Amino acid sequence: MPNKQAHSLRLVLLYRLLPATLALLLAGAFAAYWIALGSATKAYDRGLLDTAFAISEQLQESNGNLRLVLAPQARAVLLTDAFDRVYYSVRSNTGKLLDGNIDLPLPPSKGIQWIGTPGRLRYYYDGRLDKEPVRIAALQTEVHQSKVIVLVAETRSKRNELVRDILLGMLLPELLLVLVSISVIWFGVRTGLKPLDELRSELADRSQTDLSPVAVEIPDEIQPVVNEINALLKRLENSLISQRNFVSDAAHQLRTPIAALQAQVEAAVAEADKDTRRKLDGVLSATRRMSHLVSQLLVLARTEPGLSVNQPEIDLMNIAGDIANTWLPTAIERGVDLGFELESAPMRGNLVLLEELIGNLIDNALHHTPSGGIVTVACGKFDEQHVFVSVSDSGPGILTTERERIFERFYRSPSSNSSGCGLGLAIVAQIAQQHGGKVVCE
């Protein structure tokens, strides 16, 4: 099954919170804008209507006809504006122009609803005069028992200016609020996910053998996840303990009868004649390999538990020298020159396991070095914080394609003539890993 694409929980939360927050802010900004614009428009429309009322009060009847009697000073006061041009038109009920601008558009004849009381009906609408948009207030009233329509219009300069002022007045605080909201959301998400970072750090700092329960202060919402992790760690620990106990118990149970079998075969070989001894040599060799395999299984079971954090300080130079000396008789018997290049290499670790590591490396080198070859054991400081131990030989070497696999359990190279069980280098890799190091083949 293909792996699902991983997603950042932090980004998922931001993607879900930020759009909703921005939408709410924009909705609030537009609502405030329309409310403010509506209030301002009503105020300007009332100003136009007041002018229309003032014009209607200046209508007089003469010889049965209405005419507008407006002094120049009064006309200047009514029709002068600092920002816009003001126009007016007075028409009879039949649409006849009594005074003013003939091009001022009339309100629609259908589909509109006048508001106000009879005799003082009003209506506001938009129109165009000389291809320029204007706002118009229409007033239906009676003057000397004659119905007239008074239209007052103005250009939209101050209204447009008001729109710009409202937009700037709303957008700048809204933009600031958006930035503050993004910062608050980012900080909130980061703070809210901090327990997950602490949980990740707590797990990352553990060794591969530390299966103790996780102990981190976390929110209640994440506690079930931690409970499941602890339960999984407990099940895994029980499984590993059962596996180690089985290997250890099986090896211990096998050790005694195998040792007895080996002793009996060796005694039989010693007492047998030449022909019988030749037949028993194969049985003795197989018995010894079986005994070696059981010993290796016991070591492998010992390497599984985690190392104590307070290991004693030891020097690899002393360990390597002691172990190499125990292998000198075997090297001499096989005609191999076993040499040393040892320097002080202090570290903290398990003495028994490190002795097993170096012993397995020397054993492996002696097995693969022909008579007359050379095996060199070296150790020292790699740098200020790391030490090394190496065993080199003049054998045929290992193919590049097999250098990773030789550290697998029970793996034996097809080109190898060794009678080993394939556990020695696997034990070396396990011990090195438990000491915070690694093993490489060059």
Side-chain angles (χ1 to χ4, degrees), residues 30 32-170:
F30 277 114
Y33 165 74
W34 285 115
I35 292 173
L37 182 61
S39 300
T41 299
K42 288 181 179 179
Y44 285 129
D45 286 348
R46 289 194 187 99
L48 290 178
L49 185 63
D50 291 340
T51 302
F53 277 126
I55 291 174
S56 67
E57 291 175 354
Q58 299 302 316
L59 291 174
Q60 297 181 4
E61 185 179 19
S62 176
N63 299 324
N65 295 321
L66 292 175
R67 65 187 184 89
L68 180 62
V69 180
L70 197 60
Q73 295 83 358
R75 184 183 297 272
V77 172
L78 289 176
L79 304 180
T80 299
D81 188 276
F83 302 97
D84 291 294
R85 295 183 298 277
V86 181
Y87 309 91
Y88 75 94
S89 174
V90 181
R91 294 178 180 270
S92 65
N93 191 38
T94 60
K96 179 182 177 181
L97 180 66
L98 302 179
D99 199 340
N101 194 318
I102 192 173
D103 295 325
L104 203 59
L106 290 167
S109 58
K110 295 181 179 179
I112 65 174
Q113 183 176 359
W114 294 78
I115 57 177
T117 59
R120 297 175 66 90
L121 298 175
R122 61 187 183 275
Y123 181 70
Y124 306 99
Y125 60 100
D126 296 317
R128 301 186 73 85
L129 181 62
D130 296 333
K131 298 182 180 180
E132 186 175 11
V134 293
R135 180 68 173 175
I136 306 171
L139 173 64
Q140 279 189 1
T141 186
E142 291 187 3
V143 179
H144 303 293
Q145 298 182 349
S146 297
K147 292 184 179 180
V148 295
I149 298 177
V150 180
L151 306 178
V152 178
E154 68 178 3
T155 54
R156 305 184 65 92
S157 297
K158 62 176 174 287
R159 295 173 186 259
N160 294 335
E161 184 70 20
L162 175 65
V163 171
R164 286 192 294 270
D165 291 342
I166 292 176
L167 285 177
L168 290 177
M170 295 298 299

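Owing to the predicted nature of the structure, the values given are computational and were not obtained by experimental measurement. Residue indices begin at 1 and follow the sequence shown.
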> Would you mind reporting whether R91 and I102 have side-chain heavy atoms less than 4.5 Å apart?
yes
> Rounded to the nearest 0.5 Å, what's the gap from CG on L48 to CG on L139? Could you check?
12.0 Å
> With side-chain contact (heavy atoms from CB on, under 4.5 Å) as the test, would you mind laying out the steps for E154 and T51 before giving the verdict?
CA-CA 11 Å; E154 68 178 3; T51 302; over 6 Å; no
> Does any non-hydrogen side-chain atom of R135 lie less than 4.5 Å from one of D126?
yes
> In the structure I gave you, are the side-chain heavy atoms of K42 and Y124 within less than 4.5 Å of one another anywhere?
no
> For residues Q140 and W114, determine if any side-chain heavy atom of one lies less than 4.5 Å from a side-chain heavy atom of the other.
yes
> Check the pair Y44 / L162 against side-chain contact (heavy atoms from CB on, under 4.5 Å), numbers first and verdict last.
CA-CA 11 Å; Y44 285 129; L162 175 65; 3.7 Å; yes
> With sequence neighbours excluded, what pairs up with E132 under the side chain to side chain contact (heavy atoms under 4.5 Å, CB included) test?
R85, T155
> Quick check on side chain to side chain contact (heavy atoms under 4.5 Å, CB included): which of L151, V152, I136, L129 does Y87 satisfy it with?
L129
> Determine, step by step, whether Y88 and L68 satisfy the side-chain contact (heavy atoms from CB on, under 4.5 Å) criterion, reporting the C-alpha distance in whole Å, the side-chain angles of both residues, the deciding distance to 0.1 Å, and the verdict.
CA-CA 11 Å; Y88 75 94; L68 180 62; 3.6 Å; yes
> Nearest 0.5 angstrom please: L59 CG to E142 CD, how far?
13.0 Å
> Say you draw a straight line from CD1 of I55 to OG1 of T141; how long is it, rounded to the nearest 0.5 Å?
12.5 Å
> Going from CZ on R46 to OG1 on T41, what distance comes out if it is rounded to the nearest 0.5 angstrom?
11.0 Å
> Near W34 CH2, under 6.0 Å, is it more than 12 heavy atoms from other residues, nucleotides or ligands?
no
> How close do A138 and P107 get, heavy atom to heavy atom, and via which atoms?
CB-CG, 4.3 Å
> Do you know which of R156, K158, R159 makes side chain to side chain donor-acceptor pair (under 3.5 Å) with D84?
K158
> Would you please name every residue forming a ring-ring contact (aromatic ring centres under 6.0 Å, His included) with F30, sequence neighbours left out?
none
> Looking at every heavy atom in both S56 and V143, which two are closest together, and how far apart are they?
O-CG2, 4.0 Å
> Please find the pair of heavy atoms, one from S89 and one from L104, that lie closest to each other, and give the distance.
CB-CD2, 3.8 Å
